[in-house]
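Single-structure report; data block below.
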Amino acid sequence: MNARLSISERALAGLAPAAEAAAPAYLEGLNDEQREAVLATEGPVLMLAGAGTGKTRALTTRLAHILFMRLAEPWQLLAVTFTNKAAREMKERIGALIGERVEGLQWLGTFHSIGAQILRRHAEVVGLKPSFTILDADDQVRLAKQVIEAAGLDEKRWSGRGLASVIDGWKNRGLTPDKVSANEAWHFAEGKGVSLYSAYQERLKTLNAADFGDLLLHNITIFQRHPDILAQYQDKFRYMLVDEYQDTNVAQYLWLRLLAQKRRNICCVGDDDQSIYGWRGAEVENILKFEKDFPGARVIRLERNYRSTPAILSAASTLIAANKTRLGKTLWTEATDGERVKVRGVWDGEEEARLIGDDIEAEQGKGRGLSDMAVLVRASFQMRAFEERFLTLGLPYRVVGGPRFYEREEVRDAVAYLRLVRSADDDLAFDRIANKPARKLGGQTMQQIHAFARAQNLPLTAASRILIESDDLGAASRGALRRFIEMIDRWAGAAENLSPRDLTELILDESGYTDYWKNNKSAKADSKLDNLKEVVQAVSEFDTLAAYLDHVALVADRSEAEAGGAVWLMTLHAAKGLEFPVVFLPGWEEGVFPSQRSLDEGGAPALEEERRLAYVGITRARESCRVSFAANRQMYGRWQTSLPSRFIDELPEDAVEVVSQPGLYGNAAASLPSHSRFDATRLEEDSYYDNPGWRRARAASARPGVAAPMIEGRAREVSVSAGAPKFAVGARVFHDKFGYGRVILAEGQKLTVDFEHSGAKKVVDSFLKGA
DNA sequence: TCCGAGCCACTTTTT
DNA sequence: GTGGCTCGGA
């Protein structure tokens, strides 16, 4: 074991005869595994950190420790994260430990921001100028579209979006056009995929631009072509730290491996059970094969959980154990009590939203803060039911996600002006704002400019300069184009003397862009103007236009209003890394979660990823975790009957409490003339409720004492209303699925209707409208 | 240039 | 059910 002691471990041991006594204060309060993760500074380390096990603490302490021990200076540490938020938090927490030296951590950031930093220094190696523009997803799609157009392909059949995503996929896997296999080239446009990819890359070079994928891919190319450059970084980075390693894609993996090859002081932190980004290129494989990639790697498991109750942990652990491809670890806690995971079956999506709303109000009544509660959904379309319900209740809520500030039309327009002023070759920016506001540069004129630029192989601005001196354009268009180009030139000149803020104000004013929205009478105009002011505000925080534009492209965080007192509503993906005392997990139905589409497209591995998503969901909860599923759900305007999610069956019985309502099934059903409402649904599909989860739900609800309704009052309402028929025999009705018909038999809620097109069917009254 | 009709698709989404 | 996009006409 001694041989495996790291420099820092030996250093610490050598500090004093009693190492314990000499241990620095920052090691106090760490458990054994965390401490091991902090001290094992030398050689490859894989830190498998389960949910809620104090990962962030361990890794920030580790970095601080390296600095305290003077094993490296701040600028010799490479620490990569996926999100800006994670990078920021890490920096703050290290700062709290080491003080102002934290400012020297210039290589702490996201993969993309660090990739961009390196690329700016060696841009010429891959044919770019150091001032290259970073394109966002939207620009990428536009560019891809142009490439498809230029190749004369049917744009309906082959969308820009499609090409962009195929190219993205290749870039995520570290493939430059020459490395894409012939077989894969068929993934797009019948074999033209690769030539389109090459054309796309050529266009990027002409535009002096890089997309997100390029930021890393170009790095790899540079490292491979110039071993001397690689060696320089290998020497520089004495210690490397990678957060969320399970989310790395192949390109990121290759990048890391190149950099770590020499010193091998790489510490990857992650949790294979929380890998939920496979669909955008993440390879769980990376974390699974770490020990193979780095022989002699030390694997440290953080399994002691400080977040959740035993029942929540047991539910999560049992569920995730059904996955085959995992390294395996078991969370444990010293906590002993706490409530079990509640599983509730409801009639439909609306009722689910209503009951969760009631639960939230009940918790609030008990003194729980609203921001202590979160509703986590699989897909954003599920949010609507909750928003509607919360609005009705007047319950403050906050949606995390959605369109981000820098993705909004007006913000992108304003930024496009700035981009064009900074880099005249930025054709995408030119295209975007040349005629916004309208300045007589309509589609006709723009097409002529494009055609000329393409023929001469020039950027649009350069082409425009020539065109305004020629007679190729009509007098009106020529004048309009001249005024536009002169405006750009004037701003570019002004940029020398003005602060970014003043320049931005000047541009927004002189271009007429602000007036464009002032004159717009739509309801959106006000908020658009506000957002423009926000842009000016944001710009004024930067010393140079270039710095601002990089910020926009790379650090464009969603602006999350930090207002307390609101229930959280977000997707499971967005919830990763967060925790809440009370978590609601609605929509656990086959088809919704696991998502049918995911299963169709990804098969067994995709199912495992869905299961990991369920695991992430459950482990967000500290005290209370409430899963629910609906028997019926309206999707895309159609009613669908659904099966409880297989994940519900995978939860351990003893950690779960099934909470159901009378009137749905169980006791109250017995009081109905012949069938429960659920029996009525069985008429349509007999096997739906013949599965273990459902049988268990029924059995549990029949057991007295276990199935106490969560909200008694409401539940009783449901059961009381269960007997009242809504339509009389002979009534004309409308059904979403079957159309018009006439009621021929009524038994409580269960009606037999003779439909005009599909004949007699047994249906439930709630699916019917009067007609 | 702008607006409405028709058509389509529709998980997750950082950088 | 809904929103986004395209196309054609005013």
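Here is the naming used below: chain letters follow the sequence lines, and residue numbers restart at 1 for every chain.
The aromatic rings of A:F381 and A:Y636 sit tilted relative to each other, their planes meeting at an angle between 30° and 60°.
Residue contacts for A:S595: at a heavy-atom cut-off of 4.0 Å it reaches a base atom on one of the strands shown. Heavy atoms of A:A438 sit under 4.0 angstrom from primed sugar atoms or phosphate atoms, though from no base atom. Here A:K145 lies in heavy-atom contact (under 4.0 Å) with sugar-phosphate atoms only. At the heavy-atom level, A:R384 lies under 4.0 Å from the strands shown only through sugar-phosphate atoms.
Rounded to a whole Å, the CG atom of A:L572 is 9 Å from the C1' atom of B:dT12. Following rounding to the nearest Å, A:D243 (CG) and B:dT15 (P) show an atom-to-atom distance of 13 Å. With rounding to whole Å, A:M570 atom CE is found 11 Å from B:dT13 atom P. Spacing between atom CD1 of A:I118 and atom C1' of B:dT15 amounts to 16 Å, rounded to whole angstrom units. A straight line from OH of A:Y516 to P of B:dT1 spans 10 Å, rounded to a whole angstrom. Rounded to whole Å, the distance from CD on A:E601 to C1' on B:dT12 is 11 Å. A:N84 has its CG atom 5 Å from the P atom of B:dT15, to the nearest Å. Atom-to-atom, CG of A:D168 to C1' of B:dT15 comes out at 10 Å; the value is rounded to the nearest Å.
Checking B:dT15, B:dC10, B:dT12 against every side-chain atom of A:Y636, the shortest atom distance belongs to B:dC10. Comparing B:dT1, B:dT15, B:dT13 by their nearest atom to the side chain of A:T571 picks out B:dT13. In the set B:dT15, B:dT13, B:dT1, B:dT1 carries the atom at the smallest distance from any side-chain atom of A:N435.
Chain A approaches DNA chain C over the interval C:dG1 to C:dC7, counting the first and last nucleotide 5' to 3' with an atom under 4.0 Å from its heavy atoms.
A stacked arrangement is assigned to A:W279 and the six-membered base ring of B:dT12, with a centre-to-centre distance below 5.5 Å and an interplanar angle below 30°.
For the OP1/OP2 pair of B:dT12 and a distance below 4.0 Å, the side-chain nitrogens and oxygens of A:S598 include no atom meeting the criterion.
The two residues A:P437 and A:Y516 have their closest heavy-atom pair at CB-CD1, 3.6 Å.
Centroid-to-centroid, the aromatic rings of A:H122 and A:F223 stay 6.0 Å apart or farther. For A:Y397 and A:F386, the gap between ring centers reaches or exceeds 6.0 Å. Aromatic rings from A:Y200 and A:Y197 are positioned such that their centres are separated by 6.0 Å or more. Note: A:W255 and A:H218 fail the aromatic proximity criterion, with ring centroids not under 6.0 Å apart. Here A:F593 and A:W588 bring their ring centres to under 6.0 angstrom of each other.
With DNA chain B read from its 5' end, the first of the two nearest nucleotides for A:E407 and A:I276 is the one closest to A:I276.
In this structure, A:E589 contributes its side chain and A:A630 its backbone to a donor-acceptor pair below 3.5 Å.
For A:R280 and B:dT12, a side-chain-to-base donor-acceptor distance below 3.5 Å is absent, hydrogens and geometry of angles not being considered.
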